[in-house]
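Here is the structure we will look at.
None of these values were measured; they are calculated from a predicted model. So that the names make sense, note that chain A is the first sequence line, chain B the second, and so on, each numbered from 1.
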Protein chains: 2
Amino acid sequence: MNEQVLYQQALQILRDHGYKLTEARKQVLDILMSHAEHLTSSDILALTVKSDANIGRASVFRALDLFTDLGIIRPIYHESQSPHYVVFESNGHHAHLVCRECDKVVDLDECHLGELLDGFAAEHKFSLSGHLLELFGVCEDCSLHK
Amino acid sequence: MNEQVLYQQALQILRDHGYKLTEARKQVLDILMSHAEHLTSSDILALTVKSDANIGRASVFRALDLFTDLGIIRPIYHESQSPHYVVFESNGHHAHLVCRECDKVVDLDECHLGELLDGFAAEHKFSLSGHLLELFGVCEDCSLHK
DNA sequence: TCTCTAATTGATACTAAGTATCAATTAGAG
DNA sequence: CTCTAATTGATACTTAGTATCAATTAGAGA
């Protein structure tokens, strides 16, 4: 999914919920969406320091919290205790593979689980808006080295 | 899955990896597996204080880190920034529904995704050992109140 | 059963992520 | 352009998480 489209969609979600499109929020969003790897709060903070408009540390945390609440991103555990943030696709989905050995993460473009998961949610009378799927295993590189 | 079976399996995983079955580790495991809700580190710490053998705070964190490394549990971020720990089923799987409105979590007994996920992993040459599936949406109660 | 030792612990000190506060700033509606 | 509720950044504070180290202990082996 094109990151610019995702960025615009996220801005729209903010507008739709009555939030202002502040420089801080736009910058944090931009950073989140222009990096393939899943960043931590401190990663993001370090990257804001390098930009024109210096964003306060508290604002980074506030933006991340807001985007999490709105379902734009999701904090996940990965290697360290500080959460890494994954960006949901436009359909609210995100899926990736995590190697238990080397901690490599491979995002999946498409997991084709939509209809199946709708069914599960319906059984419990949930109206589904998204999902996060983490697959754990051993990657090829690590399998070869054992 | 019977919690006693899971507990014994977890102990076996520890033995298999050469770890000692200390009181601290056993107690943290027991607490994790005897609670339906997903506990945070501070929840667990509070519960250890109530038991006969008082476990040090550092030991709780160490046990949680070890169990996470070994794939017995998985930290998830939910409501607060402090992770909640979910216990994997014996097949390495865990699935639950999260309501975006009230934050209620409903664990799913079985998601029937085994073979499908094996296929995804194989495409990327991962040998799959488990998965975590989070479904986000709005629960029945919250739907009715809107 | 006992010995022994590497593993592990608990308490303490420390770090840093995360949060609260508040005067200053600003996005954007009108 | 005005205005104001929203938001900010800086600062202070909290607390989860981590490092350190002497003391303790799980369990292998005799």
Starting at atom [atom1] of [X], determine the distance to atom [atom2] of [N], rounded to an integer number of angstrom.
X       : N      : atom1 : atom2 : value
B/Arg57 : D/dA19 : CZ    : C1'   : 12 Å
A/Arg62 : D/dT11 : CZ    : P     : 14 Å
A/Ile55 : D/dT11 : CD1   : P     : 16 Å
B/Leu45 : D/dT15 : CG    : P     : 13 Å
A/Asn54 : C/dT25 : CG    : P     : 16 Å

The answer to which of B/Tyr19 and A/Leu21 contacts DNA chain C further toward the 5' end, by nearest nucleotide, is B/Tyr19

Is the distance from the ring center of B/Phe136 to that of A/Phe88 below 6.0 Å?
yes

How about A/His94 and A/His38: are their ring centres within less than 6.0 Å of each other?
yes

Using a 4.0 Å heavy-atom cut-off across all strands, classify B/Arg25 as base, sugar-phosphate, or nothing.
sugar-phosphate

Reckon B/Ala24 touches a base, only the sugar-phosphate, or nothing at all at heavy-atom distances under 4.0 Å?
sugar-phosphate

A/Phe61 has its side chain closest, among C/dT19, D/dG27, C/dA27, to C/dT19

Check whether any side-chain nitrogen or oxygen of A/Ser41 sits under 4.0 Å from OP1 or OP2 of C/dG18, and answer yes or no.
yes

